[in-house]
Amino acid sequence: MKQNDIEPNNLTFPFIAKACAKLSDLIYSQMIHGHVVKSPFDVASWNAMLVGFAQMGFLEKVLRLFYNMRLVGIQADFVTVMGLTQAAIHAKHLSLLKSVHSFGIHIGVDADVSVCNTWISSYAKCDDLKMAELVFCGIEEGLRTVVSWNSMVAGCTYGDKFDDSLNFYRHMMYDGFRLDVTTVVSLLSSFVCPEALVQGRLVHSHGIHYGFDLDVSVINTLISMYSKCGDIDSARVLFDGICDRTRVSWTAMISGYAQKGDLDEALRLFFAMEAAGELPDLVTVLSMISGCGQSGALELGKWFDNYACSGGLKDNVMVCNALIDMYSKCGSIGDARELFYALPEKIVVSWTTMIAGCALNGEFVEALDLFHQLMELDLRPNRVTFLAVLQACTHTGFLEKGWAISIIQYDDKGISCKSGIRPLLLHGRPSWKKRKLKEALDFVQSMPIKSDAGIWGALLCACKIHLNIEIAPYVEMANKYALGGRWDGVANIRTMMKRNQVKKFPGQSLFHINGKTCTFTAEDRYHAESELTYPVLDCLALHSREEAYSSHLKWIPEHEAG
DNA sequence: GTAGGGTTAG
């Protein structure tokens, strides 16, 4: 059973869970009090309880149960190992996974190829592709199944390594394995940007060749792939062609329109879905909320807030995260804040969303404060978190206020990290600028996550503003440092940008009037009345430029000015 | 035993 299938507000499962854990503890306590205890359960019953908890993500209960089961002398088997593995994935707990892996080897279940397959996908889900590949290579060639290959292909997809997933796919064909529905679905879901459309079409045609294009899972994935790659029309053609649309088909299409900014069509399909007798679920609602944020549609967003509430979906942390994001993107930071603080279980995404929301709404000090609070917790910030913080820093003038980014510490297992932004006294020495830049650079380079073009961009932007470094395009900057032979991380920007195919899309602004969404870009001359609008805008721009200039001067410390 | 629609940035 997937967790999504559990009915909201259902108290049955926690209740049973509690009872099982109690029972297991009872047996254990009888034993330590000197009773000779024979477990009333066989290994299958213990496994059933353990797997049940694992699927629900009750890590502590799983471990306690496992501990007690071993104490009363029940021999763990491969089902136990699968359950433990599942618990580790649920918590994304890499070191636990490694322990389970070695335990599995210890009791000999690694001879079973299906256990190895599970480990492959588990390591990939815990972001350790190297270990995944190690397990894959450890399987004797004759024993590898199509599932082994699929797990590896899917693993590369999680890790955003879509070149690698294509390579594994090629290898797999070369080794005489035929792709199946899962291979196609895994591959397709890695194509998420316009640049991947060509490969997406190619895999689509392979799918047709092997006759998988009639499978509704494949079609659903295709709909999602085409919309993410910017070809929403192809997605729609596929969608219209499905005879028996599932919830997933509807949601894929709705999400496509919502992300594209066509909220009207998304909403139309949302109601059409209900009319067709297919009930929107958690993911459908998430897509709509996210779409409202993208389009800045506050009123509709509120409507979906109520909708989620009445459907009992607001117990879900992802729905709350999406709502926080929506409210902050719509400028309603108060609503976002209220939701955030009321959230009982805040995950990293919740914190990141709130930090980014604060940065977006000009609450920079609060953003930094939240980051500090996050560091005190046992949660691990990711690249998006750091990006949000850096963006807040870009605006705060934190250097002038005596703030400096500092220090990341890992523990020896690399599980958690602590970092902070601590106050630092300013010195008026000429080397000041360089030192601060170096510090910021060290910060980015020592981040426990992979820095990408976005993070480097944010850093350079911060440098530009706060260190008053000459405005230079990223590439020129990178060249300068490359010439100096220093900080090769920065010198890599160009390659990184190339590899990531970073492109700059023009920013769009939009607003809602009379239930319609209007969008425009900078220097947009398409509107019929633009001839009238621009003189007014020019006038406003002149005023604001004067304002900005005088406020910008205030940002430069006295000893640096002039 | 693998996979499909979804939340955080730009």
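Reminder, nothing fancy here: chain letters follow the sequence lines and each chain counts from 1.
Using a 30° and 60° split on the angle between ring planes, Y210(A) and F212(A) fall in the parallel class, below 30°.
Here K125(A) reaches the OP1 or OP2 of dA3(B): one of its side-chain N or O atoms lies under 4.0 Å away. In this structure, Q259(A) reaches the dT7(B) phosphate: one of its side-chain N or O atoms is under 4.0 Å from OP1 or OP2. Contact annotation: S121(A) does not reach the phosphate of dT2(B) (side-chain N/O to OP1 or OP2, under 4.0 Å). Side-chain nitrogen and oxygen atoms of S255(A) include at least one within less than 4.0 Å of the OP1 or OP2 phosphate oxygen of dG6(B).
In the set dG5(B), dT7(B), dG1(B), dG5(B) carries the atom at the smallest distance from any side-chain atom of T284(A). Distances were taken from every side-chain heavy atom of T182(A) (C-beta onward) to each of dT2(B), dT7(B), dA9(B); the shortest belongs to dT2(B). Relative to the side chain of S186(A), the nucleotides dG1(B), dG5(B), dA3(B) differ in distance, and dA3(B) lies closest. Residue R247(A) has its side chain nearest to dG5(B) when only dG6(B), dG5(B), dG4(B) are considered. Listed nucleotides: dG5(B), dG1(B), dT7(B). Nearest to the side chain of S290(A): dT7(B).
Other residues, nucleotides and ligands place no more than 12 heavy atoms under 6.0 Å from the CD atom of E338(A).
Residue-to-nucleotide contacts include a donor-acceptor pair under 3.5 Å from the side chain of S217(A) to the base of dG4(B).
Of all heavy-atom pairs spanning C229(A) and A196(A), the tightest one is SG-C, 4.3 Å.
A salt bridge is absent between E265(A) and K260(A); no separation between the charged side-chain nitrogens and carboxylate oxygens falls under 4.0 Å. Under the 4.0 Å criterion applied to side-chain N and carboxylate O atoms, R236(A) and D240(A) are assigned as salt-bridge partners.
Rounded to a whole Å, the CG atom of D315(A) is 20 Å from the P atom of dT7(B). Distance, L360(A) CG to dA9(B) C1': 11 Å, rounded to whole Å. We find that NZ of K329(A) is positioned 5 Å from P of dT8(B), with the value rounded to whole Å. In this entry the distance linking CG of N150(A) with P of dT2(B) reads 11 Å, nearest Å. When rounded to the nearest whole Å, the span between CG of L187(A) and P of dA3(B) equals 13 Å. Atom C1' of nucleotide dG4(B) and atom CG of N220(A) are separated by 6 Å, given to the nearest angstrom. The NZ atom of K260(A) sits 20 Å away from the C1' atom of dG6(B) (whole-angstrom rounding). Rounded to whole Å, the distance from CG on D244(A) to P on dG4(B) is 20 Å.
Counting non-hydrogen atoms under 4.0 angstrom, Y158(A) reaches the backbone sugars and phosphates but no base. Across all strands shown, D325(A) has heavy atoms under 4.0 Å from sugar-phosphate atoms exclusively, and none from any base. Using a 4.0 Å heavy-atom distance criterion, D281(A) is classed as a base contact. Here Q86(A) lies out of heavy-atom contact (under 4.0 Å) with every strand.
Near DNA chain B, meaning a heavy atom under 4.0 Å from it, residues 331-354 of chain A has V349(A), T352(A), T353(A) in order of number.
With ring centers used as reference points, W250(A) lies 6.0 Å or more from F270(A).
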- For the pair W149(A) and T183(A), evaluate side-chain contact (heavy atoms from CB on, under 4.5 Å) and give the outcome as yes or no after the intermediate values. CA-CA 8 Å; W149(A) 284 98; T183(A) 330; over 6 Å; no

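A cation-pi arrangement, defined by a distance under 6.0 Å to the six-membered ring centre and an angle within 45 degrees of its axis, is present between K346(A) and F340(A).
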